[in-house]
2 protein chains.
Amino acid sequence: MPAAPNLEQRRTAQRARTRRTILDATEQLLLDVGMQAFSIRKLVAECGYTAPTIYQHFGDKDGLLDALVDERFERLEERLRRLRRSGDPVEILRTRALAFIRFGIRNPRHVQLASALRARKHAVPPSMEEARALLEQPWVQLWEAERIRAGDWHSAAQALGALCTGIVVARIENPDHDWSKTLADDAVDALLRGLVIDYSEGTPRR
Amino acid sequence: MPAAPNLEQRRTAQRARTRRTILDATEQLLLDVGMQAFSIRKLVAECGYTAPTIYQHFGDKDGLLDALVDERFERLEERLRRLRRSGDPVEILRTRALAFIRFGIRNPRHVQLASALRARKHAVPPSMEEARALLEQPWVQLWEAERIRAGDWHSAAQALGALCTGIVVARIENPDHDWSKTLADDAVDALLRGLVIDYSEGTPRR
DNA sequence: AAAGATAGGTAACGCTGTTAAAGGATCCAG
DNA sequence: CTGGATCCTTTAACAGCGTTACCTATCTTT
């Protein structure tokens with residue numbers, strides 16, 4: 001049987017609860033009115049707390065949105081970690097890249113927010129950096145196995161990263177365009193074919 | 001010898017001049033303070049005109065920025081048109097894609113602005129759409145020559161477009177990262193190798 | 001029971017985009 | 001040469017924004 005909760009424990013628990021409430025309301029309002037029309041005033045009108053409370057917990061409007069984005073990107077990090085780690089590094093790359101793209105397409109507002117936040121401050125949410133690292137890491141093995149066609153290891157990793165963000169950004173920025181259903185698969189496959197030496201044809205896919 | 005300018009001609013000339021002044025001041029202020037801190041008040045304090053004048057000419061803050069972006073992207077369109085149109089379509093694609101990326105890297109503020117504007121309104125600057133069309137057009141020839149490896153024609157075009165915007169966005173969003181000097185060349189080459197059937201090795205480049 | 005910390009509320013400051021109403025300059029008709 | 005119409009520009013204000021100095025109530029500790 002657990003001991004009665006300490007004072008400090010209760011306090012931090014309370015803090016966590018109000019943080020949660022505020023974050024949930026933020027997410028809801030953001031989905032309702034869009035990130036352009038989102039404002040602290042509307043948020044406090046809906047979430048029950050008042051402005052200074054929010055500033056006490058998150059410091060800043062950007063801090064609040066940062067927290068929201070970071071939290072969501074932690075899910076991506078988790079998912080990437082859950083995918084299999086062993087086997088052909090190219091296959092790992094392919095799987096992670098597709099998961100990355102899928103996540104971006106399913107969370108357009110958060111991606112957009114992350115981009116806007118990075119545009120004004122220099123800070124990147126740590127979970128996002130972590131996800132990128134997971135997407136770059138398998139390239140090291142390929143490099144050591146001398147399976148990278150041209151250029152250095154960074155170049156290849158950055159190329160795949162750029163392709164992923166490019167697909168996500170393009171699809172987010174004009175969702176009405178009739179995007180090829182197989183775009184992500186085709187593009188990632190093609191880039192990997194072009195970058196890696198012996199991934200030309202005999203891949204298990206298709 | 002030209003006739004004395006008509007009244008209407010003189011008026012539109014005058015309009016064009018003030019438009020020019022305002023746009024130049026906008027560009028300057030934007031470069032000075034960054035797009036986050038840019039405001040109409042600061043603009044009117046620097047350009048000599050007052051707020052309603054600007055609203056008369058551009059309708060809106062977004063309209064003003066739209067005009068600025070559109071104007072700049074017309075340069076890209078021109079440059080893409082100036083590049084050679086004949087020869088191997090793959091080579092045309094490669095050249096245009098690299099010009100596209102180069103332009104984005106050299107005009108980060110305008111690209112960022114275009115992205116931000118597209119995020120709130122649905123409108124895309126026409127010159128930007130034109131540039132994209134120029135980047136997609138050569139794919140049709142490749143498709144007719146049955147030189148596209150897998151998927152449909154749209155898929156390939158969208159993949160290359162996504163890679164280009166991805167590289168630009170990535171480099172703009174964190175300019176401090178030490179980007180591989182050959183990233184753009186390597187990435188575009190690799191993707192084309194993976195997408196097009198007989199572009200594997202014997203390209204004139206390198 | 002007194003004292004002190006702490007979460008939360010009140011009300012204000014300075015800034016923003018935007019616009020209604022008014023002021024002039026410039027051109028045509030008589 | 002003069003009266004009137006048509007633009008273009010300015011003055012002054014509105015509503016909403018992010019943010020913060022100050023105050024209040026509640027609850028733990030001594």
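Lettering follows sequence order; numbering is per chain, from 1. Side chains are part of it too, since the values below use all heavy atoms of this structure and drop only hydrogens, waters and symmetry mates.
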*Asks:* Just so I know, are the side chains of Phe38(B) and Leu31(B) near enough to count as touching, which here means a heavy-atom distance under 4.5 Å?
*Replies:*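 Side chain of Phe38(B) against side chain of Leu31(B), heavy atoms only: no contact under 4.5 Å found.
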*Asks:* List, one per line, each side-chain donor-acceptor pair under 3.5 Å for residues 96-120 of chain B, sequence neighbours excluded.
*Replies:*
from	atom 1	to	atom 2	distance (Å)
Arg96(B)	NH1	Leu134(B)	O	2.7
Asn107(B)	OD1	Arg72(B)	NH1	2.5
Asn107(B)	ND2	Phe103(B)	O	2.9
Arg109(B)	NH1	Leu30(B)	O	3.1
His110(B)	NE2	Glu27(B)	OE1	3.4
His110(B)	NE2	Glu27(B)	OE2	3.4
Ser115(B)	OG	Glu173(A)	OE2	2.6
Arg118(B)	NE	Glu173(A)	OE1	3.2
Arg118(B)	NH2	Glu173(A)	OE1	2.2
Arg120(B)	NE	Ala116(B)	O	3.4
Arg120(B)	NH1	Asp62(B)	OD1	3.4

*Asks:* In whole Å, what is the span from the CD atom of Gln36(A) to the C1' atom of dG16(D)?
*Replies:*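 Rounded to whole Å, this separation is 13 Å.
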*Asks:* Can you measure Met35(B) atom CE to dT16(C) atom C1' for me and round it to whole angstrom units?
*Replies:*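 Spelled out: CE on Met35(B) to C1' on dT16(C) is 16 Å.
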*Asks:* When you measure from the side chain of Arg171(A) to the backbone of Trp179(A), do you find a donor-acceptor pair of N or O atoms at a distance under 3.5 Å?
*Replies:* no
*Asks:* At under 4.0 Å, does any side-chain N or O of Thr50(A) touch on OP1 or OP2 of dG8(C)?
*Replies:*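 For dG8(C), neither OP1 nor OP2 has a side-chain N or O of Thr50(A) closer than 4.0 Å.
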*Asks:* Starting at the 5' end of DNA chain D, which residue's closest nucleotide do you reach first, Ala37(A) or Pro52(A)?
*Replies:* Ala37(A)
*Asks:* In whole Å, I'd like the distance from the CZ atom of Arg17(B) to the C1' atom of dT9(D).
*Replies:* 16 Å
*Asks:* Between C1' on dT9(D) and CD1 on Ile22(B), what's the gap in Å once rounded to a whole number?
*Replies:*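 That distance rounds to 11 Å.
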*Asks:* On a heavy-atom basis, which atom in Gly151(B) and which in Asp186(A) lie closest, and how many Å separate them?
*Replies:*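 So the minimum-distance heavy-atom pair works out to CA-OD2, 3.5 Å.
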*Asks:* Just checking Lys42(B): does its NZ atom have more than 12 heavy atoms from other residues, nucleotides or ligands closer to it than 6.0 angstrom?
*Replies:* yes
*Asks:* Checking Thr53(B) side chain against Tyr49(B) main chain: does a donor-acceptor pair fall under 3.5 Å?
*Replies:*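 Checking the backbone N and O of Tyr49(B) against the side chain of Thr53(B), no donor-acceptor pair under 3.5 Å is found.
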*Asks:* Just the rounded figure in Å: distance from C1' of dA15(D) to NZ of Lys42(A).
*Replies:*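 About 12 Å, once rounded to whole Å.
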*Asks:* Can you tell me the distance, in whole Å, between the CZ atom of Arg19(A) and the C1' atom of dA7(C)?
*Replies:*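 That distance rounds to 15 Å.
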*Asks:* Ignoring backbone atoms, test whether Thr53(B) places a side-chain nitrogen or oxygen under 4.0 Å from the OP1 or OP2 oxygen of dC8(D).
*Replies:*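 Checking Thr53(B) against dC8(D): no side-chain N or O falls below 4.0 Å of OP1 or OP2.
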*Asks:* Rounded to the nearest Å, what distance is computed from the CD1 atom of residue Ile40(B) to the C1' atom of nucleotide dA12(D)?
*Replies:*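 Answer to the nearest Å: 18 Å.
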*Asks:* Could you check which residues of residues 56-69 of chain A get a heavy atom under 4.0 Å from DNA chain D? Sort them by number, please.
*Replies:* Asp60(A), Lys61(A)
*Asks:* So, using side-chain hydrogen bond (donor to acceptor under 3.5 Å, both in side chains) as the criterion, who are the partners of Arg20(B) when residues are at least two apart?
*Replies:*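 Expected list: Asp24(B), Glu71(B).
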*Asks:* Give a yes/no on whether any side-chain N or O of Tyr55(B) is located under 4.0 angstrom from OP1 or OP2 of dT19(C).
*Replies:* no
*Asks:* Can you check the Arg15(B) CZ to dC8(D) P distance for me, whole Å?
*Replies:*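 My rounded result for the distance is 5 Å.
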*Asks:* Between Arg41(A) and Gly48(A), who's closer to the 5' end of DNA chain C by nearest nucleotide?
*Replies:*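 Result: Gly48(A).
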